[in-house]
Amino acid sequence: MENNEENNIEQVDGLDQVIPVSGLYENWFLDYASYVILERAVPAMEDGLKPVQRRILHAMYEIEDGRFNKVANVIGQTMQFHPHGDAAIGDALVGIGQKELLFETQGNWGDVRTGDSAAAPRYIEVRLSKFAQEIAFNPQTTNWQLSYDGRKREPVTLPMKFPLLLAQGVEGIAVGLATKILPHNFCEILKAAIDCTKGKSFELYPDFITGGAIDVTNYNGGSKGSKVRVRAKIEEVDKKTLLIKEIPFSTTTGGLIDSILKANDSGKIKIKKVIDNTAKDVEIEIQLAPGVSPDITIDALYAFTDCEISISPNACVVYQDKPVFVDVNQLMQISVEHTRELLKKELEIKRSELQEQFLFASLEKLFIKDEMYIDFKKYSDKESLFAYLDERFKKYKKQFIREITAEDYDKLTKIPMIRITRFDSIKADELMARIQAELEQVNYDLDNLKAFQIKYYENLLKKYGKGRERKTEIKLFDTIQANQVAIANQKLYVNRAEGFVGYGLKKDEYITDCSDIDDIIVFRRDGRMMVSKVQDKAFMGKDIIHVDVFRKNDERRVYNMIYIDGKTKTSYAKRFNVLGITRDKEYDLTTGSPNTKVLYFTANPNSEAELVEIALSPMSHARKLNFDFNFAELAIKGRGVLGNIVSKYLIKSIKLKAKGASTLGGRKIWYDDVLGRLNIDSRGKLLGEFDTNDVILVITKDGNYELTNFELTNHYNAEQVLHIGKFKPKKAITLLYFNGKDKNYFVKRFYIETLTINKQFLCIPEGKDNRIVMATDYTEPIIVMERKGGKGKDSNIEETYNLAQFIEVKGWKAIGNKLVGKDFISAALVQNEIEEEEDTTIKNETVNATENLQQTLLVNEDLLQQEQEKIKRLLSDEDSLLNKTTSREKPKNTNTKDDQPKLF
């Protein structure tokens with residue numbers, strides 16, 4: 001058997017041993033993964049650089065002479081250390097150069113905003129920046145290793161004295177893991193490093209060279225699982241034009257335009273034209289189609305295009321030869337400690353050098369002063385000469401910090417004679433004093449290392465911080481519901497009898513316009529409801545009585561319904577709303593009995609409650625065959641409630657008698673002055689309760705006023721808004737404005753006469769520097785004004801003015817009266833007693849009106865009870881007569897067509 005196995009082994013390509021394959025893949029794959037992680041894709045914690053970046057910097061430092069070098073030359077120099085070819089080196093070099101931190105560049109280096117690539121390496125030039133030379137290089141504190149071929153030495157890591165990883169950011173994909181660290185602001189990094197050194201808490205948020213805005217609510221220090229939202233900066237030029245001035249990080253103008261055109265082609269937004277005017281600055285012009293709201297389009301751009309993107313950081317670095325997941329705070333802490341160690345090493349090296357300088361200066365002074373050089377001719381060899389010098393220095397040895405070596409004696413013997421003859425002891429003493437002072441300073445810095453480190457960071461901030469201010473605005477983003485801003489690009493149709501709904505049923509009944517991302521809600525005659533995604537054609541069940549676009553969590557949309565129970569024949573009425581649901585699930589809104597049917601149904605967008613007239617079957621034994629039913633008497637409940645009993649008798653018909661008003665009153669609207677948006681979530685300032693015809697008055701600093709509706713999609717420039725509130729036509733507007741022409745401040749009062757919606761009107765004189773300082777609709781506006789009274793703040797004068805007495809109400813184009821000149825400092829509006837009394841009066845009027853209504857209802861209720869008693873007596877007499885008559889007649893068939901319940 002053994003011989004057969006040996007023969008088989010020999011037959012395998014002449015091998016004398018069989019090597020199992022099972023373990024090779026596991027070992028080789030692990031080796032490959034480790035190599036990619038440690039040597040290619042993931043940066044080191046110590047210097048924040050990938051190996052290729054480190055080798056580029058090292059190669060540039062070796063050839064650094066203050067002049068620019070061709071990038072092709074730098075690539076060739078780097079290939080001595082990097083084994084992966086010129087393409088990888090070139091791409092990495094251009095990437096560093098585009099971040100404008102470590103390199104100074106010449107030529108076309110491409111543009112990260114447009115995605116344009118750099119010119120060929122032979123046409124562009126580069127050199128190390130002063131900042132890079134100061135923070136990244138020191139051969140004395142660098143740990144070295146041999147290059148890949150053993151011919152050169154290269155740094156294990158550069159002695160980086162700055163959190164470079166946080167400043168530049170990094171992105172890399174390895175085997176089994178990836179890293180993504182976002183760039184942060186240079187000045188904020190140094191300030192955070194100072195706070196970290198002091199032991200204070202700090203916050204760092206990303207900052208991008210492309211500008212834009214960022215929501216850091218879920219940033220969580222850039223740790224694994226965090227997320228940021230980044231937006232383009234979009235400006236509204238007019239009602240027909242939008243401008244994109246800054247783009248989100250990691251996007252390009254070309255890619256952004258493509259995403260806009262794609263959203264337009266799919267019908268999610270509606271635009272006329274997109275023009276790329278990008279040159280020195282980004283400018284993408286979007287021309288809107290006629291009749292399209294710019295506010296809704298801005299929201300749609302954020303919802304459906306790359307104007308808003310979500311980025312998920314994943315901070316992974318190599319630390320102590322292992323990949324570790326960290327956050328921004330840990331990166332900063334480790335960088336600060338690493339920098340402190342490097343600064344300590346540099347100080348210790350400098351102290352050692354100063355000590356050596358001081359020692360040799362002392363030896364030189366004694367050597368020349370004691371004329372030890374005179375007897376040199378007596379000694380023919382170094383040994384005897386050094387012995388002679390050792391004897392001469394014997395009496396001074398206790399003064400020195402270390403033993404005098406043969407090298408020291410050798411340096412003394414090589415001092416030129418001309419230097420000895422021109423030796424100046426005073427200058428020598430001054431030199432030694434300077435060295436001693438420097439030595440003392442170094443010792444002080446070593447004893448106060450944290451203070452020295454803070455000074456080092458402050459020096460970097462002072463030298464290199466100019467022009468590196470934050471470019472990306474940190475702000476809180478609102479959540480945009482995609483289905484609320486999507487353009488209605490489809491038409492919804494229904495075949496009620498067959499039960500089909502969709503935008504492909506062109507020959508059937510048209511319902512409404514919708515978008516292809518909407519959900520639709522369907523109610524059937526059997527009392528069942530379903531919500532589903534809008535499709536070309538979908539079966540929703542036969543006998544559809546209502547279909548519409550579903551608006552999730554719309555608490556004001558109320559459904560009024562009367563249905564008959566198939567088992568007991570009792571009719572029920574209910575009012576309900578539909579908030580959260582499971583898509584494509586049937587919900588039974590009735591008792592669930594077989595043959596249950598809906599007799600009456602309405603959908604009311606503002607919780608309207610109508611009055612209906614109900615007619616019972618003539619064959620029923622009810623005393624009252626016709627009566628009114630008011631839905632306002634029912635409370636709004638959930639969709640699963642049974643409802644209130646309307647009648648236990650068979651209903652013949654239900655007719656609408658009178659349309660009702662909203663039972664929930666006006667909708668309360670708030671204004672969020674951070675986002676510049678309206679909301680119904682109690683965020684910000686309460687503007688009031690708005691009914692259908694109410695509008696909002698907005699007055700801005702640039703001198704314009706505008707009336708707008710109260711749609712939640714409206715945008716307002718929060719930095720410009722001075723006054724926003726519910727428009728009250730009978731209340732005068734009071735303005736305090738600055739006239740730039742004569743440098744005076746004017747007051748004017750006027751009524752809003754132009755009632756055009758969504759159009760701005762300039763209500764102050766036209767001028768370059770003209771602006772509104774204060775605006776209010778108070779009846780009695782009282783302000784406290786501060787103006788200059790002399791030199792110094794203590795001499796300022798405060799004066800109180802009642803502006804209603806200062807000037808009468810005039811036309812909205814009037815100039816107004818001058819209040820004060822150039823000595824104006826500030827003005828503050830005072831909430832006075834008249835305004836408080838007015839608010840109280842409004843509240844009292846509301847309470848009185850409610851009480852009067854309640855009293856009227858009580859009186860009417862008493863009258864109604866009296867009438868009902870009369871009707872009951874009449875009906876009882878009529879019933880007795882009917883019973884006598886019907887007892888003699890043959891019973892009739894009560895199941896006629898006219899007696900059947902009718903829908904609507």
Side-chain angles (χ1 to χ4, degrees), residues 239 291-296 299 484-485 488 512-513 548-549 551 554-560 575 577 602-611 630-632 636 656-672 676-700 704-716 721 723-733 750-761 763 775-779 809 812 838-839 841-850 852-853:
K239 298 300 181 183
V292 175
S293 165
D295 290 341
I296 293 178
D299 282 347
Q484 292 182 2
V485 298
T512 185
D513 290 344
D548 200 358
V549 174
R551 295 165 179 83
D554 186 356
E555 296 181 351
R556 299 189 69 84
R557 182 172 293 272
V558 176
Y559 301 98
N560 299 338
R575 299 186 73 206
N577 45 30
T602 57
N604 306 280
N606 197 29
S607 70
E608 293 84 357
E610 64 269 33
L611 180 68
N630 192 351
F631 277 98
I636 300 171
L656 177 65
K657 188 172 185 180
K659 292 183 178 180
S662 171
T663 56
L664 297 179
R667 169 174 281 192
K668 288 185 178 180
I669 302 292
W670 283 263
Y671 171 69
D672 189 330
R677 301 292 296 269
L678 304 177
N679 68 89
I680 55 174
D681 305 321
S682 305
R683 287 186 284 108
K685 172 187 175 183
L686 176 63
L687 302 184
E689 291 189 0
F690 287 77
D691 289 321
T692 306
N693 297 322
D694 289 331
V695 293
I696 292 174
L697 171 65
V698 183
I699 303 175
T700 52
N704 289 294
Y705 74 81
E706 181 180 9
L707 298 176
T708 73
N709 55 32
F710 53 93
E711 293 291 336
L712 301 185
T713 53
N714 289 354
H715 284 254
Y716 303 97
V721 172
H723 170 83
I724 183 169
K726 187 176 180 179
F727 173 53
K728 302 168 185 174
K730 295 183 180 180
K731 297 197 75 173
I733 303 300
F750 62 95
Y751 290 112
I752 300 294
E753 300 172 14
T754 56
L755 302 180
T756 307
I757 303 298
N758 295 331
K759 183 177 180 180
Q760 291 187 343
F761 294 91
C763 55
T776 180
D777 61 354
Y778 282 1
T779 305
V809 177
W812 69 279
E838 182 179 321
D839 293 341
T841 303
I842 293 173
K843 291 177 182 177
N844 291 337
E845 287 176 356
T846 305
V847 172
N848 294 335
T850 304
N852 293 335
L853 178 62

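All values reported here derive from a predicted model rather than from experimental measurement.
In this structure, the side chains of L707 and L697 come closer than 4.5 Å at one or more pairs of heavy atoms. Counting heavy atoms from C-beta on, the side chains of I669 and I680 come closer than 4.5 Å. Between E689 and R667, the closest side-chain pair of non-hydrogen atoms is not below 4.5 Å. Proximity of L678 to L687: side-chain heavy atoms (C-beta onward) are separated by under 4.5 Å at one or more points. Inter-residue side-chain proximity for T779 and K731 is flagged as met; some heavy-atom pair is nearer than 4.5 Å. F761 has its side chain within reach of T756: a pair of non-hydrogen atoms, C-beta onward, lies under 4.5 Å apart.
For Y716, the side-chain hydrogen bond (donor to acceptor under 3.5 Å, both in side chains) partners two or more places apart in sequence, or in a different chain, are T708, N714. Evaluation of the salt bridge (Lys or Arg N to Asp or Glu O under 4.0 Å) rule for D691 yields no partner, not counting sequence neighbours. D513 meets the side chain to side chain contact (heavy atoms under 4.5 Å, CB included) test with A488, K491, Y510; sequence neighbours excluded. Here R557 pairs with D548, D554 under the salt bridge (Lys or Arg N to Asp or Glu O under 4.0 Å) rule; sequence neighbours left out. Here F727 pairs with nothing under the ring-ring contact (aromatic ring centres under 6.0 Å, His included) rule; sequence neighbours left out. Legend: residues meeting salt bridge (Lys or Arg N to Asp or Glu O under 4.0 Å) with E706, ordered by chain and number and at least two apart, are K239. Not counting sequence neighbours, the partners of K657 by the salt bridge (Lys or Arg N to Asp or Glu O under 4.0 Å) test are D628. Applying the side-chain hydrogen bond (donor to acceptor under 3.5 Å, both in side chains) criterion to N577, with sequence neighbours excluded, gives no partner residue. Partners of N606 under the side-chain hydrogen bond (donor to acceptor under 3.5 Å, both in side chains) rule, at least two apart in sequence or in another chain, are R556. S682 pairs by the side chain to side chain contact (heavy atoms under 4.5 Å, CB included) definition with W670, not counting sequence neighbours. Under the side-chain hydrogen bond (donor to acceptor under 3.5 Å, both in side chains) criterion, Y671 pairs with no residue at all, not counting sequence neighbours. Taking Y751 as the reference, A732, V809 meet the side chain to side chain contact (heavy atoms under 4.5 Å, CB included) condition, with sequence neighbours excluded.
Judged by distance alone, with hydrogens and angles left aside, the side-chain atoms of N560 form no donor-acceptor pair with the main-chain N or O of T602 at under 3.5 Å. N604 places a side-chain N or O within 3.5 Å of a backbone atom of V558 that can act as its donor or acceptor partner. Between the side chain of K685 and the backbone N or O of I724, at least one donor-acceptor pair lies under 3.5 Å. Without hydrogens or angle criteria, R575 side chain to S607 main chain gives a donor-acceptor distance under 3.5 Å.
K759 NZ to T754 OG1: the interatomic distance, rounded to the nearest 0.5 Å, is 8.5 Å. Summarising the geometry, atom NE2 belonging to H715 is positioned 5.0 Å from atom CG belonging to D295; distances are rounded to the nearest 0.5 Å. Rounding to the nearest 0.5 angstrom, the gap separating the CD1 atom in I752 from the CD1 atom in I699 is 6.0 Å.
The environment of E555 atom CD is sparse: at most 12 non-hydrogen atoms of other residues, nucleotides or ligands sit within 6.0 angstrom. Shown here is K659, whose NZ atom has no more than 12 heavy atoms of other residues, nucleotides or ligands within 6.0 Å.
Between Y705 and F750, the ring planes lie tilted relative to each other; the angle falls in the 30° to 60° range.
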